[in-house]
Each structure stands twice: as structure tokens, then as C-alpha cells.
Amino acid sequence: MSQAMIRGMMDEHNEQFVAYFLPTEETMQKRKNDEKQQLLYQDQEYEYRLTREYNWNVKNKASKGYEETYFFVVRPGQGVFYNEIETRVRLTKRRGKTTRSAMNSKLIVKHREMTDDELLAQEARLSQLESGVQDDTDQPRDGEIMEEADVQDEKDAGTMEGSAGSDQDEEFEKAFGSGEED
């Protein structure tokens, strides 16, 4: 559901889990009113009820059995970009640990404007993601030959990866060229 909220939580035994909250009927009505008024949110409280709990398993490059995964972004007029997902989180339903009182848990949300520090942190994260997207207009396309001066410049810069493509392209080919699915 597009209005759901997830949140990391800790139970009375200090075990961490992910809580899945769904909006109450009253909150759904508030959100419909927000949409009619073309507002993201109003200055009011929105209530959500705990519906499910999940355990999580995190895998990253340092984990045993890590498999490379990529995502794509299509930006009309700009191109198609891809990047590696370096961390994978798998959620599994948490069974037998939910108490009746826990299922009556509520999440009360009141939206506010972001602080200057939060905006800066968000912009820094965005620039980190975008830094992986490089302007490749100077790179040769398949079948093109680089001039000798360009090849030497790239060797000096330590970025020479051959005219067949970059290491990232080879990783992409390895991940998607085989036709295997996850």
C-alpha cells in the first residue's frame, strides 16, 4: 500500500525488527483531503496501526554469498543510467513473537519542514549517487578508435579501461548478460 510506513523497532527482549504500519481510516480520509487540496501534508497528525513485523537479513559486499545487483534509472532526454546496489536487505515475517499489546501499537506522524542540516545531508547523498554517473562523451563508442594523445591522457589519469568498455560495463554484462534471474 502506498500510504504504509515501515520503521525499525526493538522489542522488550532488545531484539530488533521492522514494523509495518498501515494508515487508519481517519488517516486515509485526511490523505484524500490532502490530495484534493494538492498538498503533500497538512499541519496535523496522521495515525498508523502496526500490522506486521519482520526480521531482516542484511547482505553487502563483505558478506559471504554476496551477488552483484544493479538498478536502472531512465531519465527522459538524458539517457538510461545504472548503478550497483551494494547492500541488500531481505525481510522475513516475524512469527510467534508479536504480543497482543504490540499489535495495538500506533505510530503518530506529524510532518514538518526539513532543517538546513537535513537538507544538506540529503543533497550530499544525492550527489554521491550522481557522482557514479559520468559524462562519457569523451569515451569511444564500440568500433571507435581513440587518438593516441587521448589514450596516453587516460593512461596517465589511471582510467584506461580499453575500448571494449569499463570494468563497470563488464560487471553489468556478467550480471545481466547471462540471462539468469535472482
Side-chain angles (χ1 to χ4, degrees), residues 1-76 78-133 168 171-172 175-176 180-182:
M1 171 179 253
S2 66
Q3 299 294 323
M5 297 265 184
I6 60 171
R7 182 176 179 88
M9 310 265 305
M10 189 176 294
D11 66 14
E12 61 274 1
H13 304 292
N14 291 330
E15 292 181 21
Q16 296 181 348
F17 64 96
V18 174
Y20 182 78
F21 292 88
L22 289 176
T24 61
E25 288 297 322
E26 180 183 345
T27 295
M28 289 298 292
Q29 191 58 46
K30 287 179 183 179
R31 295 298 294 132
K32 285 180 185 173
N33 291 339
D34 293 345
E35 191 176 329
K36 285 179 188 173
Q37 296 176 26
Q38 297 181 349
L39 297 171
L40 288 176
Y41 298 97
Q42 293 184 34
D43 188 23
Q44 58 185 334
E45 291 182 346
Y46 299 88
E47 186 175 300
Y48 298 80
R49 291 215 181 272
L50 178 63
T51 306
R52 292 190 192 121
E53 295 178 357
Y54 296 93
N55 292 315
W56 74 78
N57 182 6
V58 177
K59 282 193 176 182
N60 57 33
K61 285 187 171 189
S63 302
K64 184 178 179 181
Y66 172 79
E67 295 178 20
E68 294 174 340
T69 305
Y70 293 84
F71 70 93
F72 293 85
V73 176
V74 178
R75 294 185 179 159
Q78 294 181 13
V80 176
F81 304 92
Y82 69 94
N83 202 345
E84 182 178 5
I85 298 175
E86 294 183 2
T87 304
R88 182 182 299 179
V89 179
R90 175 169 286 148
L91 299 177
T92 55
K93 212 172 199 182
R94 192 171 189 233
R95 300 188 188 276
K97 297 191 179 186
T98 305
T99 63
R100 185 177 296 269
S101 62
M103 289 312 284
N104 291 328
S105 296
K106 293 181 194 177
L107 175 65
I108 308 296
V109 178
K110 185 168 184 175
H111 298 275
R112 62 172 176 77
E113 294 293 322
M114 292 174 69
T115 66
D116 290 340
D117 288 342
E118 291 168 332
L119 287 170
L120 285 173
Q122 187 176 24
E123 288 172 12
R125 284 187 212 121
L126 181 60
S127 68
Q128 282 180 331
L129 285 173
E130 290 178 337
S131 69
V133 178
Q168 199 172 20
E171 289 177 13
F172 174 83
F176 294 103
E180 294 178 281
E181 291 185 25
D182 222 8

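Quick note: numbers below take in every heavy atom, side chains included, and nothing from hydrogens, waters or symmetry partners. All residue numbers refer to positions in the sequence shown, counting from 1.
- Smallest separation of non-hydrogen atoms from Phe17 and Asp11: CE2-N, 3.6 Å.
- A search for salt bridge (Lys or Arg N to Asp or Glu O under 4.0 Å) contacts involving Lys36 returns nothing, not counting sequence neighbours.
- Applying the ring pair (Phe, Tyr, Trp, His ring centres under 6.0 Å) test to Tyr48 and every residue at least two apart in sequence or in another chain returns nothing.
- Crowding of Glu25 atom CD: a count of heavy atoms from other residues, nucleotides or ligands under 6.0 Å not exceeding 12.
- The line from CE of Met5 to CG of Leu50 is 14.0 Å long, rounded to the nearest 0.5 Å.
- Atom CG of Leu126 sits in a crowded spot, with more than 12 heavy atoms from other residues, nucleotides or ligands closer than 6.0 Å.
- With sequence neighbours left out, Glu26 forms a salt bridge (Lys or Arg N to Asp or Glu O under 4.0 Å) with Lys30.
- Closest of all the heavy-atom pairs between Phe71 and Glu84 is CE2-O, 4.3 Å.
- With contacts defined as side-chain heavy-atom distances shorter than 4.5 Å, the pair Arg52/Val18 does not qualify.
- In this structure, the separation between CG on Leu91 and NZ on Lys93 is 12.5 Å, given to the nearest 0.5 Å.
- Every residue two or more places apart in sequence or in another chain that forms a ring pair (Phe, Tyr, Trp, His ring centres under 6.0 Å) with Tyr41 is listed here: Tyr46, His111.
- Here the CZ atom belonging to Arg95 is positioned 10.0 Å from the OH atom belonging to Tyr54, to the nearest 0.5 angstrom.
- The minimum heavy-atom distance between Ser127 and Ala124, with the atom names listed, is OG-O, 2.9 Å.
- The two residues Glu47 and Ile108 have their closest heavy-atom pair at CG-CD1, 3.6 Å.
- Cation-pi geometry between Arg7 and Phe21 is not met at under 6.0 angstrom from the ring centre and within 45 degrees of the axis.
- More than 12 heavy atoms of other residues, nucleotides or ligands sit less than 6.0 Å from atom CD of Gln44.
- For Asp117, there are no salt bridge (Lys or Arg N to Asp or Glu O under 4.0 Å) partners two or more places apart in sequence or in a different chain.
- The side chain to side chain donor-acceptor pair (under 3.5 Å) check on Arg31 picks up Gln3, Asp34, with sequence neighbours excluded.
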| task | May I have the step-by-step check of salt bridge (charged side-chain N to carboxylate O under 4.0 Å, His left out) for Arg94 and Glu15, ending in yes or no? | result | CA-CA 11 Å; Arg94 192 171 189 233; Glu15 292 181 21; 3.8 Å; yes
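- By the 6.0 Å contact criterion, CG on Leu119 is enclosed, its count of non-hydrogen atoms from other residues, nucleotides or ligands being greater than 12.
- The shortest non-hydrogen separation linking Met114 to Gln122 is CE-OE1, 3.1 Å.
- The two atoms that bring Leu22 and Ala4 nearest to each other are CD2-CB, 3.8 Å, heavy atoms only.
- Residues Arg112 and Glu118 are paired through a salt bridge, judged by an N-O separation under 4.0 Å between the basic side chain and the carboxylate.
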